[in-house]
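Residue numbering restarts at 1 for every chain, and letters A, B, ... go by the order of the sequence lines. The shown structure was predicted, so the numbers you read here are calculated from the model rather than taken from an experiment.
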Amino acid sequence: MSEFLYHVPNNLDDLFSTIKKHGSSAALLAGGTDLLIHLKVGKIAPQHVIDIKHVKELYEKITFCSNGMTIGALTTLINITKHPDVQKLYPALSESARKVGSKQIRNRGTLVGNICNASPAADTAPALLIYNAEVTIVGMNSRRTIPFESFIKGPGKTDLKEGEIVESLFFPFPPANSTSNFVKLARREGADLTIVGTATLAASNYETRIALCAVAPIPFRACSAEYVLNQGGYNQQNIDKALEKVVHNANPISDLRATKEYRLAMVEVITRKSLENSLKILTN
Amino acid sequence: MENESFELEFILNGESKNIRVKHYWTLAEVLRSQEGLTGTKLCCEEGECGACTVIVDGKSVTSCIVLAPEVQGSNIVTIEGLSQDGEIDPVQEAFIEEGAVQCGYCIPGMVMSAKNLLDENDSPDEEEIKEALGGNICRCAGYYRIICAVQSAAQKYKEKVKVL
């Protein structure tokens, strides 16, 4: 690992001035479960590492208000999986957070860190998409909130400008009489990257949301498939038609985990499984 | 930059420590090279295999991807810190009795993950054991007996509580 200086600011002012001082020669550290690997393999070689875990304005707790839930920049994946209200209200988020890495990784890694890395295979991204999550971004003199859907710009690229950090994520409550889940296909259960990951939400009024990861340069919503189900309901013929559209939206690559062709075949299988899981709960 | 060091205070296996470390050292390096606690193993060195698992403030972590300065003020337990008054921990006893150890390299990490699980959940089912140990790889593939050992350790903990 290359040599660097470790900084541990304890408030936002300190954090922003440290970032400003060191600019592009600094890297931000939260859980470190991706950063340390990038440092070790030499993918990045910053001269400064800035630990944000002790910034007093950033928080680890999960809070609820009258219209939704807020997750802080320091909320770990394990805390998301263990929270009973997250399991109940946002099952796709809870299930996808449980699928990230191993318990040791979830004990350290944060949800915000997972999305800031902007991996095409980020397990939690489809859940953020189906719940219409919003990202609050703060800088030295700025504060803005954007939909998560426009946050990820490409593999490893986000809408964050230099000097900005993600402060929190907001999840509006899902629609009434709806249910949701996440299904992941990987070579093995624990600590493996995703081949295809799908989150779906289905509602009694046919409002449907479908999002996928690991089958395109960025995680995406399958809007044309959603439209088919919103309009025509959940009969078999309509589901088949929607699944065709999902496959059409996917644009996977071949890598060491799976070929493009296998991924495309599995997009249909995994999305069908996720939809059927949702519909099973909905009809009960 | 070479001369810069970080003053690190933490509790290691119940003992207060105040040492100087390089900013870019990992916790695993400090445990093994500075503290001589070589029970914590290094293998993949990228948080995939679990051989370097230790417990930081009650949570299992892979110490190869934690920076030493990050554990400032933390309470750390390694495999060397499990025995009390010269007696090994019930998890270690169970691993021996069940024959859960083959080459042994993954075992300190396995034991720490098992210990962390049993501290949080005194009667885990097989699925919960698999989830808690999912980040620990055994290349001898001795998983069946390792799972048996964790189940047996859970029993031992319960009996110990009854006696107390």
Heavy-atom side-chain proximity of A/Lys103 to B/Ser113 below 4.5 angstrom
no

Is it the side chain or the backbone of A/Leu39 that comes within 4.5 Å of chain B heavy atoms, both, or neither?
neither

At what distance, to the nearest 0.5 angstrom, does CD of B/Glu45 lie from NZ of A/Lys40?
4.5 Å

Please step through salt bridge (Lys or Arg N to Asp or Glu O under 4.0 Å) for the pair A/Arg98 and B/Glu131, ending with a clear verdict.
CA-CA 9 Å; A/Arg98 173 168 260 129; B/Glu131 187 176 308; 3.1 Å; yes

Let's test your reading of the structure: which of B/Lys130, B/Glu120, B/Glu48 forms the most heavy-atom pairs below 4.5 Å with chain A?
B/Glu120

Should the heavy atoms of other residues, nucleotides or ligands under 6.0 Å from NZ of A/Lys273 be counted, would the total exceed 12?
no

For B/Ile137, is it the side chain, the backbone, both, or neither that has a heavy atom closer than 4.5 Å to a heavy atom of chain A?
side chain

Output the distance between atom OG1 (B/Thr62) and atom CZ (A/Arg108), rounded to the nearest 0.5 Å.
8.5 Å

Just by distance, no angles: are the side chains of B/Thr53 and A/Gln104 close enough, under 3.5 Å, to form a donor-acceptor pair?
yes

Quick one: of A/Leu29, A/Ile105, A/Ile78, who has the most non-hydrogen atom pairs under 4.5 Å with chain B?
A/Leu29

Sub-4.5 Å side-chain heavy-atom contact between A/Met1 and B/Leu67
yes

OG1 on A/Thr33 to CD1 on B/Ile65, rounded to 0.5 Å
5.5 Å

Decide yes or no on ring-ring contact (aromatic ring centres under 6.0 Å, His included) for B/Tyr24 and A/Tyr6, but give the supporting numbers first.
CA-CA 7 Å; B/Tyr24 48 87; A/Tyr6 170 87; over 10 Å; no

Honestly, the part of A/Asp51 sitting under 4.5 Å from a heavy atom of chain B is side chain

Please look at B/Gln72 and chain A and tell me whether the side chain, the backbone, both or neither of the residue comes under 4.5 angstrom of a heavy atom of that chain.
neither

Count the heavy-atom pairs under 4.5 Å between each of A/Val41, A/Ile37, A/Asp192 and chain B, then report the option with the highest count.
A/Ile37

Flag side-chain contact, heavy atom, 4.5 Å: B/Lys59 against A/Arg106:
no

Might you confirm whether atom NZ of B/Lys158 has over 12 heavy atoms from other residues, nucleotides or ligands at distances under 6.0 Å?
yes

Please look at A/Lys99 and chain B and tell me whether the side chain, the backbone, both or neither of the residue comes under 4.5 angstrom of a heavy atom of that chain.
neither

Portion of B/Glu29 that has a non-hydrogen atom of chain A nearer than 4.5 angstrom
neither

Atom pair OG/CG of A/Ser102 and B/Asn136 - distance to nearest 0.5 Å:
7.5 Å

